[in-house]
S.K.: 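Below are the structure tokens for one structure; questions will follow.
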Amino acid sequence: MNTRRKLIGVVTSNKMMKTVVIEITRTYRHPLYKKTVHSRSHVMAHDELGCQIGDRVRVIESQPISKNKRWVVTEILHHDISGGEKVEA
């Protein structure tokens, strides 16, 4: 059985060649104080699919590819049509 971790996150940067930065958000309840805690972490992932900023992607753990890359993008779950740019009204 495969024990590699799979996570879902949003692409925040794609300025590197074949590398994207993904923000992974997690919401959980604090065990003692029962307050909702929002945490987020950034990981670098190898990208052969050509992800754009704002895309929702699934990444899987892999052996170290470079100094900072330990994840690989396996699929794009949702394309962001706006291109990650904020539209002001």
Side-chain angles (χ1 to χ4, degrees):
M1 183 169 161
N2 194 350
T3 60
R4 295 190 288 178
R5 292 186 292 168
K6 296 175 186 168
L7 298 173
I8 295 174
V10 178
V11 176
T12 58
S13 172
N14 63 348
K15 294 186 181 234
M16 297 164 277
M17 292 172 46
K18 293 190 179 180
T19 303
V20 290
V21 178
I22 298 171
E23 181 179 277
I24 297 165
T25 58
R26 179 175 166 244
T27 303
Y28 60 96
R29 194 164 288 281
H30 191 277
L32 178 62
Y33 300 114
K34 308 301 184 212
K35 182 177 178 179
T36 303
V37 181
H38 304 282
S39 67
R40 61 185 180 182
S41 62
H42 295 272
V43 297
M44 285 187 171
H46 186 70
D47 175 31
E48 291 283 342
L49 304 176
C51 299
Q52 299 298 318
I53 295 175
D55 288 353
R56 192 166 179 79
V57 296
R58 176 175 285 129
V59 291
I60 190 167
E61 200 174 31
S62 72
Q63 64 184 10
I65 299 168
S66 69
K67 180 182 175 184
N68 296 321
K69 285 200 294 187
R70 273 97 172 108
W71 298 86
V72 175
V73 177
T74 56
E75 65 178 310
I76 300 172
L77 301 174
H78 182 264
H79 281 290
D80 184 30
I81 298 171
S82 67
E85 298 179 14
K86 297 189 180 198
V87 178
E88 295 181 18

S.K.: Quick check for you: to the nearest 0.5 Å, what is the distance between Ser66 atom OG and Met16 atom CE?
M.R.: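 Answer for the OG-CE pair, Ser66 versus Met16, is 9.0 Å.
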S.K.: Hey, does Thr36 have a side-chain heavy atom less than 4.5 Å from the side chain of Thr27?
M.R.: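 Of all side-chain heavy-atom pairs linking Thr36 with Thr27, at least one is under 4.5 Å.
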S.K.: Looking at residues at least two apart in the chain, or sitting in another chain, which of them share a side-chain contact (heavy atoms from CB on, under 4.5 Å) with Leu49?
M.R.: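 Testing Leu49 for side-chain contact (heavy atoms from CB on, under 4.5 Å), a comparison that skips the adjacent residues, returns Asp47, Val73, Ile76.
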S.K.: Please say which of Val11, Val57, Asp55 ends up in a side-chain contact (heavy atoms from CB on, under 4.5 Å) with Val20.
M.R.: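 That would be Val11; it is the only one of Val11, Val57, Asp55 passing the side-chain contact (heavy atoms from CB on, under 4.5 Å) with Val20.
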S.K.: If we only count heavy atoms from C-beta on, is the Asp80 to Gln52 side-chain gap below 4.5 Å?
M.R.: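 A side-chain contact under 4.5 Å is absent here.
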S.K.: Within the side chain of Asn14, is there an N or O that forms a donor-acceptor pair under 3.5 Å with the backbone of Cys51?
M.R.: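 Looks like yes, one N/O pair under 3.5 Å.
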S.K.: How many angstroms lie between atom NZ of Lys69 and atom OG1 of Thr19, to the nearest 0.5 angstrom?
M.R.: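 Going from NZ on Lys69 over to OG1 on Thr19, the span is 3.0 Å.
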S.K.: Got a second to check how far Arg4's CZ is from Ile60's CD1, nearest 0.5 Å?
M.R.: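 Interatomic distance, Arg4 CZ to Ile60 CD1, rounded to 0.5 Å: 4.0 Å.
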S.K.: Is it true that Glu61 and Arg70 make a salt bridge, defined as a side-chain N closer than 4.0 Å to a carboxylate O?
M.R.: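 Answer for the salt bridge query: no.
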S.K.: Would you say that more than 12 heavy atoms from the other residues, nucleotides or ligands in this model lie under 6.0 Å from the NE2 of His78, or not?
M.R.: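 Result for NE2/His78: open.
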S.K.: Quick check: closest heavy atoms across Val59 and Ala45, and the distance to 0.1 Å?
M.R.: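 Heavy atoms of Val59 and Ala45 come nearest at CG1-CB, 4.0 Å.
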S.K.: Work out which heavy atom in Ser39 is nearest to a heavy atom in Tyr28; give both atom names and the distance.
M.R.: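 Nearest heavy atoms, Ser39 then Tyr28: OG-CE2, 3.9 Å.
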S.K.: Which value, rounded to the nearest 0.5 Å, describes the distance between Arg58 atom CZ and Glu75 atom CD?
M.R.: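 One finds 4.5 Å between CZ of Arg58 and CD of Glu75.
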S.K.: Taking His79 for the side chain and Ile81 for the main chain, is one N or O donor matched with an acceptor at less than 3.5 Å?
M.R.: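 The answer is no, because no donor-acceptor pair under 3.5 Å joins these two groups.
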S.K.: Begin with the C-alpha distance, continue with both residues' side-chain angles, and end with the deciding distance and a verdict on side chain to side chain contact (heavy atoms under 4.5 Å, CB included) for Ile65 and Val72.
M.R.: CA-CA 9 Å; Ile65 299 168; Val72 175; 3.8 Å; yes
S.K.: How long is the gap from CD on Glu23 to CZ on Arg40, to the nearest 0.5 Å?
M.R.: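 The CD atom of Glu23 sits 5.0 Å away from the CZ atom of Arg40.
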S.K.: Can you list the steps and then say if Ile24 with Ile22 is a side chain to side chain contact (heavy atoms under 4.5 Å, CB included)?
M.R.: CA-CA 6 Å; Ile24 297 165; Ile22 298 171; 4.2 Å; yes
